[in-house]
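First up is the structure itself, then whatever we jot down about it.
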2 protein chains.
Amino acid sequence: MTRSAKPGQQVLVALRRLIADGTIKPGMRIGEIATAERLGVSRMPVRTALRALEHEGLVVKLGARGYTPRAVNAETIRGAIEVRGVLEGLAARHVAARHLQDEERVRLAQVLACGNAIFEKGHFVSEDLDRFYRYNLDFHELLLALSSNPSISLALERNNHLPFASAAALALDWDDLDAEYVHLRHAHEEHMAVFDAICAGNAVLAERLMRDHARAAISNGRIFKGLRV
Amino acid sequence: MTRSAKPGQQVLVALRRLIADGTIKPGMRIGEIATAERLGVSRMPVRTALRALEHEGLVVKLGARGYTPRAVNAETIRGAIEVRGVLEGLAARHVAARHLQDEERVRLAQVLACGNAIFEKGHFVSEDLDRFYRYNLDFHELLLALSSNPSISLALERNNHLPFASAAALALDWDDLDAEYVHLRHAHEEHMAVFDAICAGNAVLAERLMRDHARAAISNGRIFKGLRV
DNA sequence: GGTGCGATTATTGGATCCAATAACACCAAC
DNA sequence: GTTGGTGTTATTGGATCCAATAATCGCACC
């Protein structure tokens with residue numbers, strides 16, 4: 001570990017990376033001692049990190065023989081995305097049900113304006129993927145923040161740790177910008193539809209649109225292209 | 001701690017109790033050293049337990065000065081129950097959508113038969129509250145198990161740690177058995193309605209009924225009677 | 001040759017020790 | 001009198017050490 005941050009955080013992010021990029025595959029043992037030596041730290045931060053990852057659902061315990069990455073297949077991800085859709089749908093319903101203050105509506109509109117700015121020139125350049133990533137994250141997070149129900153974010157945290165399950169996971173295809181343009185523009189239009197439903201105070205419509213937004217991510221098979229199933 | 005179990009589990013349940021019964025109120029500091037001495041164990045299991053409780057959302061960190069119980073008011077609980085309703089609704093929808101195997105339907109019916117047995121004599125004796133508690137838990141857990149989406153259970157675990165938020169929290173009134181009878185019988189009838197919708201393959205109805213089942217727990221003001229708001 | 005029991009070994013969980021850090025208090029200077 | 005800085009102290013995070021436990025390997029007996 002060349003990073004100079006605190007050992008605890010180092011180990012946490014290092015393990016997440018090792019699991020995410022497949023260096024440690026499901027079925028392989030993750031022992032405290034071996035991991036500690038591998039990362040050049042003591043066993044203690046490794047222990048802490050493993051307990052944390054277990055709580056996040058990224059690893060599972062193997063009795064007295066350490067941990068192993070949780071086996072994650074397409075079905076698991078589909079389920080996690082469905083959970084996200086339902087919870088974000090609940091958030092959208094709440095936001096639509098209580099009438100927003102002007103200041104709050106303006107903040108939402110500003111985020112959406114960022115989205116419009118990305119698409120208005122009619123095509124993508126490669127930086128636009130980064131811009132969309134940022135905009136997309138902002139929209140989803142602001143919606144949760146406006147829902148005034150912290151339990152929703154809390155329940156979502158776990159799913160968001162699973163690869164491909166969070167709203168941040170877009171599985172962007174950096175080679176086919178035109179295809180991404182039409183696809184992500186569609187997602188952006190769904191965002192705007194949710195916004196319209198919220199402004200109209202149509203709670204059930206806002207919820208359904210938000211759910212469909214997640215379902216679109218499921219039916220979009222390209223999400224799984226990077227996954228070894 | 002007089003218990004002879006493993007220190008780690010001891011500390012975890014001890015802290016949960018101390019927080020649940022109000023011995024440690026929100027705002028009070030929970031330090032590793034003080035807690036370790038109080039429970040007669042080393043600082044290590046206390047540290048582990050506090051990290052776990054933080055992941056569960058029961059305590060929050062106070063910078064470098066330990067932890068404190070998360071302030072939980074009626075609004076928080078309402079939000080958590082709503083999350084539970086949405087997630088259990090999703091489970092019910094899944095169960096209704098895929099057609100159950102006979103063996104699975106029988107298991108559900110058996111659980112419901114336990115419920116019928118509790119109510120058929122037309123009134124409650126005090127043991128019936130325990131029996132209903134067990135039956136209620138079985139029903140909710142079986143539904144989650146049958147949903148074939150482990151992400152739902154995972155997302156629910158956090159909420160279930162909040163007091164009064166889980167399906168196990170019924171806030172039973174041990175003094176007014178007759179009032180409990182009519183109230184819990186209503187809950188039981190809701191369970192049966194969900195079962196009927198599942199057997200009929202009516203997914204949207206099953207989901208709505210399950211949501212309403214949780215909403216009923218919200219509108220049931222007695223849930224909050226034990227809460228210092 | 002297979003199975004069961006025992007011993008050894010590896011690995012996690014707990015305790016104690018040490019270092020780094022952040023809060024608090026006190027003192028001095030403006 | 002107030003404010004800023006410095007020193008002390010308390011508290012968490014990390015490392016090392018120790019004990020308990022479970023798994024594996026080997027040997028003996030059936």
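Treat the numbers as computed from the prediction; the structure is a model and nothing was measured.
In terms of the side chain to side chain donor-acceptor pair (under 3.5 Å) criterion, residue partners of A:Arg105 (sequence neighbours excluded) are, by chain and number, A:Asp102. By the side-chain contact (heavy atoms from CB on, under 4.5 Å) test, B:Ser148 is found to be paired with B:Arg98, residues two or more places apart in sequence or in another chain being considered. Residues forming a ring pair (Phe, Tyr, Trp, His ring centres under 6.0 Å) with B:Tyr67 (at least two apart in sequence, or on another chain): none. With sequence neighbours left out, B:Glu37 forms a side chain to side chain donor-acceptor pair (under 3.5 Å) with no residue at all. With sequence neighbours excluded, the residues satisfying side-chain contact (heavy atoms from CB on, under 4.5 Å) with B:Ser153 are B:Leu144. Judged as a salt bridge (Lys or Arg N to Asp or Glu O under 4.0 Å), and not counting sequence neighbours, the contacts of B:Asp138 are B:Arg134. B:Ser42 is linked by a side-chain contact (heavy atoms from CB on, under 4.5 Å) to B:Met44, B:Pro45, counting only residues two or more places apart in sequence or in another chain.
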Report all side-chain donor-acceptor pairs from residues 50-64 of chain A shorter than 3.5 Å, counting only partners two or more places apart or in another chain.
unit_1	atom_1	unit_2	atom_2	d
A:Glu56	OE1	A:Arg16	NE	3.4
A:Glu56	OE1	A:Arg16	NH2	3.3
A:Glu56	OE2	A:Arg16	NH2	2.6

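Stem regions annotated for DNA chain D: C:1-30 with D:1-30, counting only runs of 3 or more consecutive pairs of Watson-Crick or G-U type with both contacts under 3.5 Å.
Distance CD (B:Gln10) to P (C:dG13): 16 Å, rounded to an integer number of Å. In this structure, B:Gln9 places its CD atom 18 Å from P of C:dT12, rounding to the nearest Å. Between the CZ atom of A:Arg51 and the P atom of C:dT11 there is a distance of 18 Å, rounded to whole Å.
Near DNA chain C, meaning a heavy atom under 4.0 Å from it, residues 28-37 of chain B has no residue at all.
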Quick test: give all pairs of protein nitrogen or oxygen and nucleotides 20-25 of chain C nitrogen or oxygen below 3.5 Å, distance rounded to 0.1 Å.
unit_1	atom_1	unit_2	atom_2	d
C:dC24	OP1	B:Arg65	NH1	2.7
C:dC24	OP1	B:Arg65	NH2	3.2

Produce the list of close N/O pairs, under 3.5 Å, pairing protein atoms with atoms of nucleotides 16-18 of chain C; give distances to one decimal.
none

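A sub-4.0 Å separation between OP1 or OP2 of D:dT11 and a side-chain N or O of B:Lys61 is absent.
Using bins of under 30°, 30° to 60° and over 60° for the plane-to-plane angle, the ring pair A:His213/A:His140 lands in the parallel bin. Taking the six-membered ring for Trp and thresholds of 30 and 60 degrees, A:Phe132 and A:Tyr135 have ring planes more than 60 degrees apart, a perpendicular arrangement.
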